[in-house]
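Here the structure is laid out as structure tokens; the discussion comes afterwards.
FYI, the numbering just counts along the sequence from 1.
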Amino acid sequence: MVGELKRGMRIVIASHNEGKVDEIAELFAPFGITCVSAATLGLAEPEETGETFVDNAKLKARAAAIASGLPALADDSGLEVAALAGAPGIHSARWGGHKKDFGLAMQRVERELEATGATDRGARFICALAFARREKDTIAFQGQVQGTLVWPPRGDKGFGFDPIFVPDGYSETFGEMEPALKNHLSHRMRAFELLMLATYDGGKGEG
């Protein structure tokens, strides 16, 4: 699988979440790989019918690769809260309603945590990254980061649930951290490192 990703390639990021696209593009920049979002190309968002983060990442990557003719990378990620039996999990974005309002999603997490009466505020972010090319198998890698939930939300530098998540060993939420530090610690970075280890050879690509 080494050699699938090469310097000079152009790939589509199968997401309409510009915060997520920007974060992934920053990860690829040092490797000379250019990213364009699915939204920029006018690609439709496929229905996420998978039962796991990996399932959903693969179906999104595959759909974007077929529709665009470009190599495609898709991210499926979310928050799993221990006291909520792993919810919201793969349904993280849906907790914000049809507009995917993460302000509402964070309020729901806090409301449901309070309803349980649990003192355990442990949680983890999980990210699955899938890479697809039209004529080849789709591959996926998963990373995670453990942390604790806080309330009220703190910081405006991240997106999603970042303002209520404090990674283990730190006092700032992902929403308060500078992007470079958050990217270094994140579940997305851990999945990205596995992806690059398996697929990148540094050569010149034709994509």
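- A heavy-atom distance below 4.5 Å is found between the side chains of Leu195 and Leu5.
- A donor atom on one side chain and an acceptor atom on the other are found under 3.5 Å apart for Thr52 and Asp55.
- His98 contributes atom NE2, which lies 11.5 Å from atom NZ of Lys100 (distance to the nearest 0.5 angstrom).
- Arg190 CZ to Leu129 CG: the interatomic distance, rounded to the nearest 0.5 Å, is 13.5 Å.
- Between the side chain of His187 and the backbone N or O of Gly78 there is no donor-acceptor pair closer than 3.5 Å.
- Scanning all heavy atoms of the two residues, the minimum distance from Phe31 to Tyr200 falls at O-OH, 3.3 Å.
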Note to self: Show, in sequence, the C-alpha distance, side-chain angles and deciding distance for Arg154 and Glu172, and conclude whether the salt bridge (charged side-chain N to carboxylate O under 4.0 Å, His left out) test is met.
What the structure shows: CA-CA 8 Å; Arg154 303 189 330 233; Glu172 292 182 315; over 6 Å; no
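- A salt bridge (Lys or Arg N to Asp or Glu O under 4.0 Å) with Asp76 is found for exactly one of Arg188, Lys60, Lys58, namely Lys60.
- Note that NZ of Lys157 is 12.0 Å distant from CG of Asp162, once rounded to the nearest 0.5 Å.
- The heavy-atom pair separating Glu18 from Ala39 by the smallest distance is OE2-CB, 3.8 Å.
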Notebook entry, point to check: Does the pair Glu110 and Ile164 meet the rule for a side chain to side chain contact (heavy atoms under 4.5 Å, CB included), with working shown?
Noted result: CA-CA 9 Å; Glu110 182 63 18; Ile164 61 171; over 6 Å; no
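- Counting all heavy atoms, side chain and backbone alike, Leu113 lies closest to Leu84 at N-CD2, 4.1 Å.
- Asn56 places a side-chain N or O within 3.5 Å of a backbone atom of Gly50 that can act as its donor or acceptor partner.
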Residues 138-150 side chain polar contacts: donor-acceptor under 3.5 Å, at least two apart:
| from | atom 1 | to | atom 2 | distance (Å) |
| --- | --- | --- | --- | --- |
| Gln144 | OE1 | Arg124 | NH1 | 2.8 |
| Gln144 | OE1 | Gln146 | NE2 | 3.1 |

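- Although no hydrogens or angles enter the test, the distance criterion places a donor-acceptor pair under 3.5 Å between the side chain of Arg62 and the main chain of Arg133.
- When hydrophobic clusters are built by joining Ile, Leu, Val, Met, Phe, Trp and Tyr residues whose side-chain heavy atoms come closer than 4.5 Å, directly or via intermediates, Leu194 is not grouped with Phe53.
- Under the 3.5 Å distance criterion, the side-chain polar atoms of Thr173 are left unmatched by any main-chain donor or acceptor of Phe165.
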Checklist line | Trace of the side chain to side chain donor-acceptor pair (under 3.5 Å) decision for Asp75 with Ser77 | finding: CA-CA 6 Å; Asp75 163 300; Ser77 53; 3.0 Å; yes
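- When the side chains of ILVMFWY residues are joined at heavy-atom separations under 4.5 Å, either directly or via intervening members, Phe192 and Met177 end up in two distinct hydrophobic clusters.
- Put simply, Ile126 and Leu185 are part of two different groups of oily side chains (I, L, V, M, F, W, Y) that touch within less than 4.5 Å, one to the next.
- The heavy-atom pair separating Val12 from Ser37 by the smallest distance is CG2-C, 4.1 Å.
- More than 12 heavy atoms of other residues, nucleotides or ligands shown are found within 6.0 angstrom of NZ on Lys20.
- Note: the hydrophobic cluster containing Ile33 also contains Met189 (ILVMFWY, side chain heavy atoms under 4.5 Å, direct or indirect links).
- For the residue pair Gly96 and Ala105, the shortest heavy atom distance occurs at N-CB, 3.8 Å.
- Using a distance-only test at 3.5 Å, with no hydrogens or angles considered, no donor-acceptor pair links the side chain of Glu114 to the main chain of Arg111.
- Between Phe161 and the choices Phe174, Trp151, Phe102, the ring-ring contact (aromatic ring centres under 6.0 Å, His included) rule is met once, by Phe102.
- Formation of a donor-acceptor pair under 3.5 Å by the Ser68 side chain with backbone atoms of Ala64 is found in this model.
- Considering all non-hydrogen atoms of both residues, Ala87 and Trp95 come closest at CB-CZ2, 3.8 Å.
- A distance of 11.5 Å separates CD1 of Ile13 from CG of Leu43, quoted to the nearest 0.5 Å.
- Contact of the Val109 side chain with the Met106 side chain is not registered, since no non-hydrogen atoms from C-beta on lie closer than 4.5 Å.
- Between Val81 and Pro88 there is a side-chain heavy-atom pair separated by less than 4.5 Å.
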Notebook entry, point to check: Does the pair Phe125 and Glu80 meet the rule for a side chain to side chain contact (heavy atoms under 4.5 Å, CB included), with working shown?
Noted result: CA-CA 6 Å; Phe125 272 130; Glu80 292 188 343; over 6 Å; no
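- The side-chain contact (heavy atoms from CB on, under 4.5 Å) with Ile24 is formed by just one residue from the set Leu73, Ile11, Asn17; it is Leu73.
- Linking ILVMFWY residues whenever their side-chain heavy atoms come closer than 4.5 Å, directly or via other members, leaves Leu59 and Leu41 in distinct clusters.
- Side-chain N or O atoms of Ser92 include one that pairs as donor or acceptor with a backbone N or O of Leu79 at under 3.5 Å.
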Note to self: Does Val36 form a side chain to side chain contact (heavy atoms under 4.5 Å, CB included) with Leu70? I'd like the steps, not just the answer.
What the structure shows: CA-CA 10 Å; Val36 59; Leu70 292 171; 4.3 Å; yes
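- Residues Glu23 and Lys182 are paired through a salt bridge, judged by an N-O separation under 4.0 Å between the basic side chain and the carboxylate.
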